[in-house]
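Since we're looking at a predicted model, the values are computed, not measured.
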Amino acid sequence: MQRSTSLRMRSTRKGGSKNALENYSYNMRNTIKDEKIASKLPAEDKKKIEDAIDEAIQWLDSNQLAEADEFDDKMKELEGLCNPIIAKMYQCAGADMASGMDEDGPSAGSSGAGPKIEEVD
């Protein structure tokens, strides 16, 4: 009984790891195809992400029986490449927005959205 429970847990973890990698790959592909994102990404960075996604999807297709740790390692590899590029893009976009504000605009630290709160005596 203990062995079947252990196998079931391992199978569940494996399926979760595989699904996580698959979802991340396709979500990232959709993200970089979004015109709002694609227009802010340098062509070289977009190509790096596309190539990494294609490689991860090919790896998934070829390694359906891989262990959970292998799926996790591939996920970390893909995240390690994509996350810094996307973070840099958002930082640059945030800096562009902040530098475009005039003196009356909200500071870079505040969201600017939401109600204006005035103190009443």
Side-chain angles (χ1 to χ4, degrees):
M1 184 71 151
Q2 186 179 18
R3 180 168 160 47
S4 68
T5 302
S6 175
L7 288 173
R8 197 172 326 130
M9 286 174 51
R10 197 173 343 151
S11 176
T12 301
R13 181 169 174 262
K14 177 180 167 181
S17 296
K18 179 182 173 219
N19 288 341
L21 176 58
E22 207 165 42
N23 289 337
Y24 184 83
S25 298
Y26 286 106
N27 285 336
M28 185 58 65
R29 176 181 276 170
N30 290 337
T31 297
I32 64 170
K33 285 185 178 187
D34 181 331
E35 192 52 43
K36 292 177 189 172
I37 303 295
S39 65
K40 293 181 176 107
L41 272 177
E44 183 180 310
D45 286 344
K46 185 177 177 191
K47 176 87 170 110
K48 282 182 192 175
I49 291 175
E50 287 172 340
D51 290 348
I53 290 168
D54 289 343
E55 192 268 326
I57 291 170
Q58 287 176 353
W59 184 89
L60 273 164
D61 290 343
S62 303
N63 294 280
Q64 294 289 317
L65 301 176
E67 292 297 317
D69 291 341
E70 293 173 282
F71 290 116
D72 292 343
D73 290 344
K74 191 53 101 172
M75 175 77 155
K76 287 177 189 170
E77 183 182 316
L78 186 58
E79 285 176 327
L81 182 126
C82 295
N83 288 349
I85 293 171
I86 298 298
K88 182 176 75 173
M89 181 206 63
Y90 279 119
Q91 286 174 343
C92 290
D96 289 347
M97 287 178 61
S99 67
M101 293 285 180
D102 62 11
E103 290 180 18
D104 295 333
S107 67
S110 69
S111 67
K116 187 173 184 178
I117 300 173
E118 294 182 17
E119 194 170 317
V120 179
D121 291 329

Exercise. Out of curiosity, I57 CD1 to S62 OG, how far, rounded to the nearest 0.5 Å?
Worked result: 12.0 Å
Problem set entry | Cationic N near anionic O, under 4.0 Å, E55 to K74 | yes
For this session: Kindly compute the distance separating CD1 (I32) from CD (E50), expressed to the nearest 0.5 Å.
Result: 4.5 Å
Problem set entry | I85 versus L41, closest heavy-atom pair with distance | CG2-CD2, 3.6 Å
Seminar exercise, completed: Tightest non-hydrogen contact, residues R29 and I53, listed as N-CD1, 3.5 Å
Exercise. Once you round to the nearest 0.5 Å, how far does CG of D69 lie from NZ of K76?
Worked result: 8.0 Å
For this session: Taking the side chain as every heavy atom from C-beta outward, state whether D73 and E70 have any atom pair closer than 4.5 Å.
Result: no
Exercise. Is any side-chain heavy atom of Y90 closer than 4.5 Å to a side-chain heavy atom of I37?
Worked result: yes
Seminar exercise, completed: Value for CG (L21) from CD (E77), rounded to nearest 0.5 Å, stands at 9.5 Å
For this session: Test I49 against I86 for side chain to side chain contact (heavy atoms under 4.5 Å, CB included), laying out the working first.
Result: CA-CA 10 Å; I49 291 175; I86 298 298; 4.1 Å; yes
Seminar exercise, completed: For D34 and K36, the nearest pair of non-hydrogen atoms, with its separation, is OD1-N, 2.9 Å
Problem set entry | Inter-residue atom distance N63.CG - Q58.CD, 0.5 Å rounding | 11.0 Å
Exercise. For L78 and W59, what are the C-alpha separation, side-chain angles and deciding distance, and is it a side chain to side chain contact (heavy atoms under 4.5 Å, CB included)?
Worked result: CA-CA 12 Å; L78 186 58; W59 184 89; over 6 Å; no
Seminar exercise, completed: When rounded to the nearest 0.5 Å, the distance separating CE of M89 from NZ of K46 is 12.0 Å
For this session: Could you check if a side-chain atom of E67 sits within less than 4.5 angstrom of a side-chain atom of D72, using non-hydrogen atoms only?
Result: no
Problem set entry | pair F71-N19: side-chain heavy atoms closer than 4.5 Å | no
